[in-house]
Amino acid sequence: AIALSPNGSTVASGSSDGTMKLWDVKTRKVIAKWKGHTWKALSVPVYWSANGERVASGSFDGTVRVWGVKRSETVLGSIKTKNMWVYAVVYLPNSTILATGGREDRLKIWDAKSGELLKTLKHVHWLEVERQLWHWA
């Protein structure tokens, strides 16, 4: 999976080996590479915070990690979602809340700074995570 930064200058990509990469759009070169997810995945969901300072990634290892762009380090993680696979990761527009969706059709709402689980909503398909999150905005 890939996601363009809010300012359009950087692309974050997740890969099947669990690594995350940041790419400079102009030069098309990798400017950062992060490793942390432990299980190979067909795709890793990637989402930028609104201010472009953080990238959240989910994995088929059932975890979510939040990466700091400026210092190129993990700032939050590994959040163990208790989902078999994480299919979706989305930030609330103010970047204070993170939502995840997985194979078990549960939307989980997390504090984006502490990683604390705030709420679990059952029977929410992972494709609905972003739409459902707007109810929290």
Side-chain angles (χ1 to χ4, degrees):
I2 63 170
L4 185 64
S5 65
N7 67 10
S9 67
T10 310
V11 170
S13 68
S15 64
S16 62
D17 65 0
T19 61
M20 296 287 301
K21 293 177 185 171
L22 290 185
W23 301 79
D24 182 283
V25 171
K26 288 182 183 176
T27 66
R28 299 180 186 175
K29 296 195 186 251
V30 175
I31 55 176
K33 183 177 178 180
W34 305 319
K35 188 162 177 71
H37 294 296
T38 59
W39 194 26
K40 293 182 180 183
L42 297 174
S43 65
V44 178
V46 179
Y47 208 89
W48 287 84
S49 62
N51 61 14
E53 294 178 1
R54 294 182 174 196
V55 175
S57 62
S59 175
F60 280 16
D61 65 8
T63 66
V64 170
R65 290 182 175 271
V66 178
W67 313 88
V69 174
K70 288 182 182 177
R71 294 189 180 181
S72 194
E73 63 188 6
T74 302
V75 293
L76 184 61
S78 157
I79 299 172
K80 293 176 178 44
T81 66
K82 296 185 182 174
N83 283 330
M84 180 182 259
W85 298 330
V86 176
Y87 289 144
V89 178
V90 179
Y91 268 104
L92 196 71
N94 66 11
S95 301
T96 62
I97 301 290
L98 197 61
T100 62
R103 183 173 176 205
E104 291 77 17
D105 286 344
R106 287 182 175 86
L107 170 67
K108 294 186 179 184
I109 308 293
W110 307 87
D111 180 288
K113 285 192 174 186
S114 69
E116 176 187 356
L117 179 62
L118 303 175
K119 187 164 182 91
T120 300
L121 304 174
K122 295 180 181 181
H123 310 295
V124 178
H125 192 271
W126 66 272
L127 288 172
E128 295 289 314
V129 169
E130 190 165 11
R131 187 177 69 79
Q132 291 290 327
L133 188 58
W134 286 100
H135 294 289
W136 287 75

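The shown structure was predicted, so the numbers you read here are calculated from the model rather than taken from an experiment. Hydrogens, waters and symmetry mates play no part in the numbers below; they use all other heavy atoms, side chains included.
Minimum heavy-atom separation, V46 to S13: CG2-C, 4.3 Å. Of all non-hydrogen atoms in S49 and P6, the two that sit nearest each other are O-CG, 3.4 Å. Residues R54 and V69 approach most closely at N-CG2, 4.1 Å, considering heavy atoms. Closest non-hydrogen pair, S57 versus M20, comes out as CB-SD, 3.5 Å. Of all heavy-atom pairs between A50 and S95, the closest is N-OG, 3.1 Å.
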Report, one line per pair, each donor and acceptor closer than 3.5 Å where one atom sits in a side chain of residues 74-82; sequence neighbours left out.
unit_1, atom_1, unit_2, atom_2, d
T81, OG1, G62, O, 2.7
T81, OG1, N83, N, 3.1

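Scanning for side-chain hydrogen bond (donor to acceptor under 3.5 Å, both in side chains) contacts around T96 gives N94, with sequence neighbours left out. Among residues two or more places apart in sequence or in another chain, the side chain to side chain contact (heavy atoms under 4.5 Å, CB included) test is passed with S5 by N7, S9, T10, W48. Checked against side chain to side chain contact (heavy atoms under 4.5 Å, CB included), K35 has the following partners two or more places apart in sequence or in another chain: T19. Under the rule for a side chain to side chain contact (heavy atoms under 4.5 Å, CB included), the partners of V11 that lie at least two apart in sequence or sit in another chain are I2, L4, W23, V25. For S72, the side-chain hydrogen bond (donor to acceptor under 3.5 Å, both in side chains) partners at least two apart in sequence or on another chain are W34.
For the pair K108/K119, no side-chain contact is recorded, criterion being any heavy-atom separation below 4.5 Å from C-beta on. Residues V86 and T63 fail the side-chain proximity criterion, which asks for heavy atoms closer than 4.5 Å. In this structure, T100 and W110 have side chains that are in contact, with non-hydrogen atoms separated by less than 4.5 Å. Using a 4.5 Å heavy-atom threshold, the side chains of K21 and V30 count as touching. Between T120 and L107, every side-chain heavy-atom pair lies at or beyond the 4.5 Å cut-off.
With rounding to the nearest 0.5 Å, the separation of CG in L92 from CG in L98 is 9.5 Å.
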